[in-house]
Amino acid sequence: MENRISIEVKNKVAYVTMQREDKFNAVDLDMLDAHIAAARKISKDKSIRAVILSGKGKAYCSGLDFPSVTKNYTRGFLGFLKRYKGGTNKFQEVAWCWRKLPIPVISVIHGYCFGAGAQIALASDFRFITPDCQFSIMEAKWGMIPDMSGTASLRELLPIDQAKKLIMTGETISGEEAFKLNLATGISTDPMKLAEELVDKLITRSPDSVAATKKLLHETWHAEEEEAFSRERMIQLKILLGKNQKIAMNANFKKEQPQFLDRK
């Protein structure tokens, strides 16, 4: 797990960088552990307001490192068993751990974004991509299906026929095509700039309302209306009883920059 991922916190933003550049940040078993450990560490730091996730070198992430995983059969098999809250195994948790964080997670994507890398990116809240990026949910090329939580993320982004097409063919598309399909939030030759511009806006809002928005939408996106309305009421009540809502209200009336407390 050593040196697979770095975390640098600047201005309450955690810059998480995959560090296996000699392998185009391919995911081996140590990288699985590093992602999960990084997300767990960030979740415990209540001062962090957002995560920017990227890859060092020429790629975001080129997918699962099959040779490395197959050499460690026992460890790989154990990683396939369900073990985390919510029913994920380790291969699914490597992406879903970012989905579960109560703060916005932004993937900055360039070079290759294949297989496991695509599924990690899809589990992020926002994705900014370069026009020439190569993007593929390519498990079909290996006679497999995406099994690292990608199908749960895709159903929120694509019509089912488009999701089937990408998964069944394993085709590689450009960043421009990914953006047109709604797989990316924005497109730029400098996607980090877009990510930081978004973060600058997000951290001016209450960390409680930002976290609550993420939780509410994830829990109700596919829920029946009655359940969605119930969750909305309960989450709003919790916000109204908190101090950050009052700070936001007072600052807005006074036209001042709010000084929020850390999230709980």
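Everything numeric here is computed off the predicted structure, so don't read it as measured data.
Residues Leu198 and Thr185 form no side-chain contact, since every pair of their non-hydrogen atoms from C-beta on lies 4.5 Å or further apart. For the pair Pro131 and Thr189, the minimum side-chain heavy-atom distance is below 4.5 Å. Put simply, the side chain of Ile48 does not reach to within 4.5 Å of the side chain of Asp262, judged on heavy atoms. Looking only at side-chain heavy atoms (C-beta outward), Ser188 and Lys193 stay at 4.5 Å or farther from each other. Looking at Ser54 and Thr17, their side chains come closer than 4.5 Å, going by heavy atoms from C-beta outward. No side-chain heavy atom of Glu93 sits less than 4.5 Å from a side-chain heavy atom of His35. Tyr60 is not listed as a side-chain neighbour of Cys133, based on a closest heavy-atom distance of 4.5 Å or more. Looking at heavy atoms from C-beta onward, Ile167 lies in side-chain contact with Thr151 at the 4.5 angstrom threshold.
Using modelled atom types, no side-chain atom of Arg127 and backbone atom of Ser107 make a donor-acceptor pair closer than 3.5 Å. Under a 3.5 Å cut-off, the side chain of Ser62 and the backbone N or O of Phe24 do form a donor-acceptor pair. When atom types are taken as modelled, the side chain of Asn182 and the backbone of Leu158 share no donor-acceptor pair closer than 3.5 angstrom.
Across all their heavy atoms, Ala184 and Phe179 have their closest contact at O-CD1, 3.5 Å. Taking each heavy atom of Ala59 and Asn25 in turn, the nearest pair found is O-ND2, 2.8 Å. Residues Ser136 and Gly170 come closest through the heavy atom pair OG-O, 3.0 Å.
Residue pairs meeting the side chain to side chain donor-acceptor pair (under 3.5 Å) criterion with at least one member in residues 240-261, sequence neighbours excluded: Asp208-Asn244. Contacts classified as ring-ring contact (aromatic ring centres under 6.0 Å, His included) and involving residues 123-178 (residues at least two apart or in different chains) are given here: Phe66-Trp142. Screening residues 186-210 for ring-ring contact (aromatic ring centres under 6.0 Å, His included), with sequence neighbours left out, gives no hits. Under the side chain to side chain donor-acceptor pair (under 3.5 Å) criterion, the residue pairs touching residues 110-122 are Gln119-Glu139, with sequence neighbours excluded. Pairs engaging residues 155-178 under the salt bridge (charged side-chain N to carboxylate O under 4.0 Å, His left out) rule: Arg99-Glu156, Lys165-Glu171 [sequence neighbours left out].
Remark: Glu8 CD to Ile52 CD1 distance equals 11.0 Å, nearest 0.5 Å. Ser206 contributes atom OG, which lies 7.0 Å from atom CZ of Arg49 (distance to the nearest 0.5 angstrom). Going from atom CE of Met148 over to atom CH2 of Trp96 covers 13.0 Å, rounded to the nearest 0.5 Å. We find the CD1-CG distance between Ile103 and Leu202 to be 10.5 Å, quoted to the nearest 0.5 Å. Atom-to-atom distance recorded for Ser209:OG and Arg263:CZ is 13.5 Å, nearest 0.5 angstrom. Interatomic distance, CG of Leu157 versus CG of Leu166, reported as 11.0 Å (0.5 Å rounding).
With hydrophobic clusters built from ILVMFWY side chains whose heavy atoms lie under 4.5 angstrom apart, Val51 does not share a cluster with Ile106. Taken together through direct or relayed side-chain contacts under 4.5 Å among Ile, Leu, Val, Met, Phe, Trp and Tyr, Val94 and Met138 form part of one hydrophobic cluster. A continuous path of ILVMFWY side-chain contacts below 4.5 Å connects Val16 to Leu101, so both sit in one hydrophobic cluster.
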If you apply the rule side-chain hydrogen bond (donor to acceptor under 3.5 Å, both in side chains), what do you find for Asp45 with Ser47, and how did you get there? CA-CA 5 Å; Asp45 188 337; Ser47 69; 2.6 Å; yes
The test is side chain to side chain contact (heavy atoms under 4.5 Å, CB included); show your working for Val27 and Leu32 and say whether it passes. CA-CA 7 Å; Val27 177; Leu32 293 178; 3.5 Å; yes
Between Arg20 and Asp30, does the salt bridge (charged side-chain N to carboxylate O under 4.0 Å, His left out) criterion hold? Intermediate values first, please. CA-CA 11 Å; Arg20 233 183 146 212; Asp30 285 343; over 6 Å; no
Verdict with reasoning, Asn11 to Ile203, per side chain to side chain contact (heavy atoms under 4.5 Å, CB included): CA-CA 10 Å; Asn11 300 321; Ile203 63 177; 5.7 Å; no
Determine, step by step, whether Ile36 and Arg40 satisfy the side chain to side chain contact (heavy atoms under 4.5 Å, CB included) criterion, reporting the C-alpha distance in whole Å, the side-chain angles of both residues, the deciding distance to 0.1 Å, and the verdict. CA-CA 6 Å; Ile36 296 167; Arg40 186 180 296 120; 3.4 Å; yes
Verdict with supporting geometry, Trp98 and Ile42, side chain to side chain contact (heavy atoms under 4.5 Å, CB included): CA-CA 10 Å; Trp98 300 112; Ile42 291 168; 4.0 Å; yes
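At a threshold of 4.0 Å, the pair Arg4-Asp33 does not count as salt-bridged, since none of the basic side-chain nitrogens sits closer than that to a carboxylate oxygen. Asp28 and Lys23 are not joined by a salt bridge, as no carboxylate oxygen comes within less than 4.0 angstrom of a charged side-chain nitrogen.
Residues passing the side chain to side chain donor-acceptor pair (under 3.5 Å) test with Thr172: none are found, sequence neighbours excluded. Partners of Ser149 under the side chain to side chain donor-acceptor pair (under 3.5 Å) rule, at least two apart in sequence or in another chain, do not exist in this structure. Residues satisfying the salt bridge (Lys or Arg N to Asp or Glu O under 4.0 Å) test with Asp125, not counting sequence neighbours, are Lys214. In this structure, Lys12 has no salt bridge (Lys or Arg N to Asp or Glu O under 4.0 Å) partners at least two apart in sequence or on a different chain. Partners of Arg205 according to the salt bridge (Lys or Arg N to Asp or Glu O under 4.0 Å) rule, which considers only residues two or more places apart in sequence or in another chain, do not exist here. With sequence neighbours excluded, no residue satisfies salt bridge (Lys or Arg N to Asp or Glu O under 4.0 Å) with Glu197.
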Contacts table for residues 222-241: side-chain donor-acceptor under 3.5 angstrom, sequence neighbours left out:
unit_1, atom_1, unit_2, atom_2, d
Arg231, NE, Glu219, OE1, 2.8
Arg231, NH2, Glu219, OE1, 2.8

